[in-house]
Amino acid sequence: MYQQEAIKPYNEKAEKGQQVEQMFDNIAPTYDKLNHRLSWDIDKGWREKAIRYLKRFNPQTILDIATGTGDFAILAAEMLHPKELVGADISEGMMEIGRKKVKEKGLQDIISFENEDCLKLSYPNNSFDAVTAAFGIRNFASLDKGLKEMCRVLKPGGHLSIVELTTPICFPMRQLFHIYSHSVLPVYGRLISKDTNAYSYLTKTIEAFPQGEQMIEILHDAGFSKATFKRLSFGICTMYMATK
């Protein structure tokens, strides 16, 4: 089982949720630039694949968990044309940037941002046609609780689409990714974001996060009736698709 609570950005004393909130508030101004540069903009294609999976289901109400600065929410609104899309996150610093981007795109009538504890969502059961998450669930203090909440707020027959960074399993990508994630990513992240711990922490979460078949078992345990996965870009990222 993935012990997320054991991996913390700053210290062992403070509660993990508070530390993650502080970390993302700290790196919010440089987060988008770093994300795109560190992935060579490949992350945009990963998001598009996750959204295209949902297109056939025509979801009209969507919840984007750990929405951050709203990139995934904006792309989903543009590609899926829902009536309502809620971006939920614990970091006000990240969401404030997202609100500005949404206003610039003229999508404020569709997309809203709400401060939410993703382990204890305020929404009623069976509220959304689809739930999405991009590169955020590995920061949950409890993956089990977070996924159960995502399942709870989905309508029966609703769909989940997740993209998450993972560790490649094949030679030589596994070795190259290890070098990149332990050398380039934390150093460059520290130089740009000025946060000495954030990108070292994020590397640890990638390595510890359950992958492939193990993640499918966790999704089933959370209440999803169907679940599958697809590795992208030689396993650097994995897309998980599930149905309530």
Side-chain angles (χ1 to χ4, degrees), residues 42-89 98 101-102 105-114 116 118-119 121-138 140 143-166 209-233 237-244:
I42 301 173
D43 62 305
K44 297 177 182 178
W46 296 334
R47 289 185 176 93
E48 287 181 5
K49 288 180 184 294
I51 294 168
R52 275 200 297 271
Y53 161 71
L54 293 174
K55 199 163 189 177
R56 73 195 81 171
F57 308 117
N58 192 31
Q60 293 302 298
T61 54
I62 301 172
L63 174 65
D64 185 39
I65 290 287
T67 193
T69 62
D71 275 1
F72 197 95
I74 291 169
L75 191 59
E78 292 174 338
M79 292 178 64
L80 300 176
H81 310 291
K83 292 179 180 177
E84 179 187 13
L85 197 157
V86 178
D89 206 291
K101 292 196 292 187
V102 164
K105 293 273 188 178
L107 294 170
Q108 62 268 31
D109 291 337
I110 298 172
I111 301 174
S112 61
F113 292 89
E114 297 179 356
E116 288 281 338
C118 293
L119 305 186
L121 296 168
S122 65
Y123 311 110
N125 297 347
N126 311 322
S127 294
F128 298 95
D129 297 322
V131 174
T132 61
F135 317 118
I137 65 171
R138 72 181 191 278
F140 287 175
L143 179 61
D144 297 332
K145 288 182 180 178
L147 290 175
K148 285 178 181 177
E149 278 294 275
M150 293 161 85
C151 186
R152 180 184 67 78
V153 300
L154 264 178
K155 294 177 182 177
H159 300 277
L160 174 71
S161 185
I162 294 172
V163 280
E164 190 54 82
L165 295 172
T166 47
F209 194 75
Q211 301 186 39
E213 290 81 2
Q214 184 184 5
M215 182 65 172
I216 297 302
E217 289 182 14
I218 296 172
L219 285 165
H220 284 309
D221 290 342
F224 292 95
S225 61
K226 300 177 183 177
T228 186
F229 71 95
K230 182 178 182 181
R231 291 189 174 94
L232 307 174
S233 302
C237 177
T238 302
M239 181 168 68
Y240 297 97
M241 301 147 283
T243 304
K244 181 173 178 178

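Starting from 1, each residue takes its place in the sequence as its number.
Contact between Gly157 and His159 at its shortest, heavy atoms only, is O-NE2, 3.3 Å. Closest approach of Tyr240 to Gly212, counting heavy atoms only: OH-N, 3.0 Å. For Phe72 against Ala134, the heavy-atom pair with the smallest separation is CD1-CB, 3.3 Å. Contact record, Ala76 with Ile51: N-CD1, 3.4 Å, taken as the closest heavy-atom pair. Smallest separation of non-hydrogen atoms from Leu147 and Ala222: CB-CB, 3.7 Å. The nearest pair of heavy atoms linking Ala66 to Asp89 is C-OD2, 3.2 Å.
Counting heavy atoms from C-beta on, the side chains of Asp221 and Asp144 never come closer than 4.5 Å. Ile162 is not listed as a side-chain neighbour of Phe229, based on a closest heavy-atom distance of 4.5 Å or more. You'll find the side chain of Glu149 stays beyond 4.5 Å of the side chain of Cys118, heavy atoms only. Between Phe209 and Leu165 there is no side-chain heavy-atom pair separated by less than 4.5 Å. Between Ile137 and Met215, the closest side-chain pair of non-hydrogen atoms falls below 4.5 Å. Ile62 has its side chain out of reach of Phe128: every pair of non-hydrogen atoms, C-beta onward, lies at least 4.5 Å apart.
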Subject >> Working for side chain to side chain contact (heavy atoms under 4.5 Å, CB included), residues Ile65 and Phe140 >> reply: CA-CA 11 Å; Ile65 290 287; Phe140 287 175; 3.5 Å; yes
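Thr132 contributes atom OG1, which lies 12.5 Å from atom OH of Tyr53 (distance to the nearest 0.5 angstrom). Atom CE of residue Met79 and atom CD1 of residue Ile74 lie 14.0 Å apart, to the nearest 0.5 angstrom. Distance check: Ile111 CD1 to Lys101 NZ gives 10.0 Å after rounding to the nearest 0.5 Å. Here the CE-CG distance, from Met150 to Leu160, works out to 4.5 Å after rounding to the nearest 0.5 Å. One finds the CG atom of Leu85 at 7.5 Å from the OG1 atom of Thr67 (value rounded to the nearest 0.5 Å). Atoms OG and CE, on Ser161 and Met239 in that order, are 6.0 Å from each other to the nearest 0.5 Å.
Under the 4.0 Å criterion applied to side-chain N and carboxylate O atoms, Arg47 and Asp43 are assigned as salt-bridge partners.
Within a 6.0 Å sphere centred on NZ of Lys155, other residues, nucleotides and ligands contribute more than 12 heavy atoms.
Between the side chain of Arg152 and the backbone N or O of Tyr123 there is at least one donor-acceptor pair closer than 3.5 Å. Side chain of Thr243 to main chain of Lys226: no donor-acceptor pair is present (N/O by atom type, distance under 3.5 Å, no hydrogens or angles). Proximity of a side-chain donor or acceptor of Glu164 to a complementary backbone N or O of Gly136 within less than 3.5 Å is detected. The main-chain N or O of Asp129 is found under 3.5 Å from a side-chain atom of Thr61 such that the two form a donor-acceptor pair. Distance alone, capped at 3.5 Å, places no donor-acceptor pair between the Lys244 side chain and the Gly158 backbone.
Taking the salt bridge (Lys or Arg N to Asp or Glu O under 4.0 Å) definition, one finds that Glu48 meets it with Arg52, sequence neighbours left out. The side chain to side chain donor-acceptor pair (under 3.5 Å) test applied to Ser127 returns no partner, not counting sequence neighbours.
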